[in-house]
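Basis for what follows: all heavy atoms, side chains included, without hydrogens, waters or symmetry-related copies. By convention in this document, chain letters (A, B, ...) are assigned in the order of the sequence lines, proteins followed by strands, and residues within each chain are numbered from 1. Quick caveat: nothing in here was measured; it's all calculated off a predicted structure.
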There are 2 protein chains.
Amino acid sequence: MPRYTSIIADDHAIVRAGLRAALEAPGMVMPEGLEVSAETADGAETIAAVRSLKPHILFLDVQMPLAGGTEIALETRRWSPATRVVVLTGISSVGKLSELVEIGVDGLFSKATSNDELYASIPKILAGTRCVSSHVLALLENAPDAAALTGRERQILNLIALGQSNKEIGAVLGISAKTVDRHRTLMMSKLGVHSVAQLVAHALKQGLLDASPEL
Amino acid sequence: MPRYTSIIADDHAIVRAGLRAALEAPGMVMPEGLEVSAETADGAETIAAVRSLKPHILFLDVQMPLAGGTEIALETRRWSPATRVVVLTGISSVGKLSELVEIGVDGLFSKATSNDELYASIPKILAGTRCVSSHVLALLENAPDAAALTGRERQILNLIALGQSNKEIGAVLGISAKTVDRHRTLMMSKLGVHSVAQLVAHALKQGLLDASPEL
DNA sequence: GCGACGATGGGGCGGATCCCCCAATCGCGG
DNA sequence: CCGCGATTGGGGGATCCGCCCCATCGTCGC
């Protein structure tokens with residue numbers, strides 16, 4: 001009967017300690033016990049640890065320096081396909097969350113979820129069932145607008161958030177300023193906003209941008 | 001020899017567990033031991049607990065539902081002046097951090113700070129010395145522009161980020177749209193940006209806004 | 001094939017922005 | 001007392017935004 005192995009990846013030492021304390025409580029998670037094989041604090045470190053240890057579970061924070069949660073999840077899929085990826089998040093970024101769901105992470109929990117909910121879910125995840133905390137689920141359902149943006153629109157939204165004008169964006173993308181304006185108008189209509197200010201605020205709060213404000 | 005008492009206030013269960021595990025390690029923090037008298041998960045709960053328990057230390061997260069970290073710190077000062085307020089933050093919001101420093105919290109740490117640094121600092125804080133983690137200190141020094149905004153400018157910045165036009169803001173504040181425009185121009189010059197989009201992006205990233213994007 | 005939709009453009013119009021000029025009042029510190 | 005900055009307000013002009021109209025291409029799916 002092999003003990004289950006895991007890696008805890010989070011840039012916050014306190015969070016790592018809390019998760020470790022919850023997981024190592026004997027008998028609480030798995031009868032055989034769940035061993036924390038490593039703790040990592042950034043993206044590169046995490047990917048390296050996953051490649052060498054190939055744990056049963058990777059507990060992963062979305063906001064990590066050096067590599068984002070999305071990238072780590074994809075790398076894990078590549079180098080250790082059997083590893084269950086469980087994402088713990090403290091953010092409300094609908095964009096990133098739905099992105100993670102699309103990638104197909106095995107678990108998605110808010111850091112506010114109780115230990116009981118974790119205890120109940122981990123055995124299911126190890127067995128192959130995908131679990132999403134009710135907390136996160138409610139968030140995803142209350143904002144279906146994020147996925148409504150097309151690729152081009154998202155691209156333009158990033159440039160708008162940088163403060164570029166229609167003309168500048170057109171120059172960068174090699175299209176006319178008028179087309180940029182057209183995309184912008186459609187986007188605002190989709191998102192239900194009526195000005196660039198609202199658009200940028202909405203984009204940043206919902207996490208629709210690629211540029212993650214790291215640290 | 002009285003045991004020291006404390007309250008842990010954080011909306012994330014995992015963080016509470018991690019901090020509790022670190023604090024209750026016997027002999028690590030204070031020779032007499034540090035008791036965690038209560039855990040609270042929102043602002044109102046925290047203020048109530050502080051008023052009734054009057055602990056030696058309050059460990060406080062900045063981002064809390066129902067009441068912000070700033071408000072809780074002020075209420076604690078009012079109802080239990082002897083309580084040392086130690087703020088743990090995962091954010092880079094220069095605005096809120098400098099606000100907390102002005103209020104005069106007794107400790108200010110990033111959630112990424114090691115347990116060792118905490119262990120070393122807590123006795124000092126109980127003795128009355130203010131401690132700020134090197135992490136946070138570096139952040140405050142690298143962005144002096146936040147404090148450059150006046151009260152009125154900050155107020156207007158909030159409304160701009162909501163997507164209000166100059167005219168609407170003027171109506172809300174009871175001043176002319178032209179004055180709003182003047183403040184906006186000065187602000188943009190101070191922050192080194194050249195459009196509302198950049199202004200909103202900068203404000204949100206630097207955490208200059210009152211409206212905290214809760215959960 | 002044929003419609004649906006994304007992406008690409010154009011014309012035009014009202015309003016808002018961005019930035020320059022100007023001035024007045026008030027409070028605070030040297 | 002006098003300057004300095006915060007706050008208030010106005011005029012004007014170049015530019016850009018916000019939103020209508022219109023059109024042409026592809027690329028999907030049915």
Review point. Given atom CG of L199(B) and atom C1' of dA16(C), what is their separation to the nearest angstrom?
Key: 15 Å

Point to revise | Phosphate-side-chain proximity, H183(B) and dT8(D), N/O vs OP1/OP2 below 4.0 Å | key: yes

Point to revise | Gap separating the CZ atom of R84(B) from the CZ atom of F59(B), nearest 0.5 angstrom | key: 12.5 Å

Review point. With sugar-phosphate meaning primed atoms plus P, OP1 and OP2, does S176(A) contact a base, only sugar-phosphate, or nothing at under 4.0 Å between heavy atoms?
Key: sugar-phosphate

Exercise for review: Using a heavy-atom cut-off of under 4.0 Å over every strand shown, decide if R182(A) touches base, sugar-phosphate, or nothing.
Suggested key: base

**Study point:** Integer-rounded Å distance: dC18(C) P and K190(B) NZ
**Key:** 17 Å

**Study point:** Salt-bridge contact K190(B)-E153(B) (side-chain N to carboxylate O under 4.0 Å)
**Key:** yes

Check your understanding: E153(A) CD to dA7(C) C1': how many Å, rounded?
Key -> 10 Å

Review point. If only side-chain N and O atoms of T179(B) are considered, is one of them under 4.0 Å from the OP1 or OP2 phosphate oxygen of dG9(D)?
Key: yes

Practice item. Between R152(B) and Q164(A), just flag the one whose closest nucleotide in DNA chain D comes earlier from the 5' side. Key: R152(B)

Review point. So what does S195(B) touch, heavy atoms closer than 4.0 Å: a base, only the sugar-phosphate, or nothing?
Key: sugar-phosphate

Point to revise | Whole angstrom value for the distance that separates P of dA7(C) from CE of M187(A) | key: 10 Å

Check your understanding: Knowing that exactly one of I125(B), L108(B), V105(B) qualifies, which makes a side-chain contact (heavy atoms from CB on, under 4.5 Å) with V85(B)?
Key -> V105(B)

Review point. N166(B) has an atom CG; how far is it from atom C1' of dG9(D), in whole Å?
Key: 14 Å

Check your understanding: Over how many whole Å does the gap from L186(B) atom CG to dC21(C) atom P extend?
Key -> 13 Å

Point to revise | R77(B)/D106(B) salt bridge by N-O under 4.0 Å criterion | key: yes

Exercise for review: For the residue pair V132(A) and F109(A), establish whether any side-chain heavy-atom pair is separated by less than 4.5 Å.
Suggested key: no

Exercise for review: Report the distance from atom NE2 of H194(B) to atom P of dC16(D), rounded to the nearest whole Å.
Suggested key: 14 Å

Write down the protein N/O and nucleotide N/O pairs, taken from nucleotides 11-13 of chain C, whose separation is under 3.5 Å; answer none if there are no such pairs.
unit_1	atom_1	unit_2	atom_2	d
dG11(C)	O6	K178(A)	NZ	3.3
dG12(C)	O6	K178(A)	NZ	2.3

Exercise for review: Using atom CG of L173(A) as one end and atom P of dT8(C) as the other, report the distance to the nearest whole Å.
Suggested key: 8 Å

Review point. Checking all strands, does S165(B) fall into the base, sugar-phosphate, or nothing category for heavy-atom contacts under 4.0 angstrom?
Key: sugar-phosphate

Point to revise | Interatomic distance, D10(B) atom CG to L88(B) atom CG [nearest 0.5 angstrom] | key: 7.5 Å

Exercise for review: Return yes if some donor-acceptor pair links the side-chain N/O of Q198(B) with the main-chain N/O of L162(A) below 3.5 Å, else return no.
Suggested key: yes

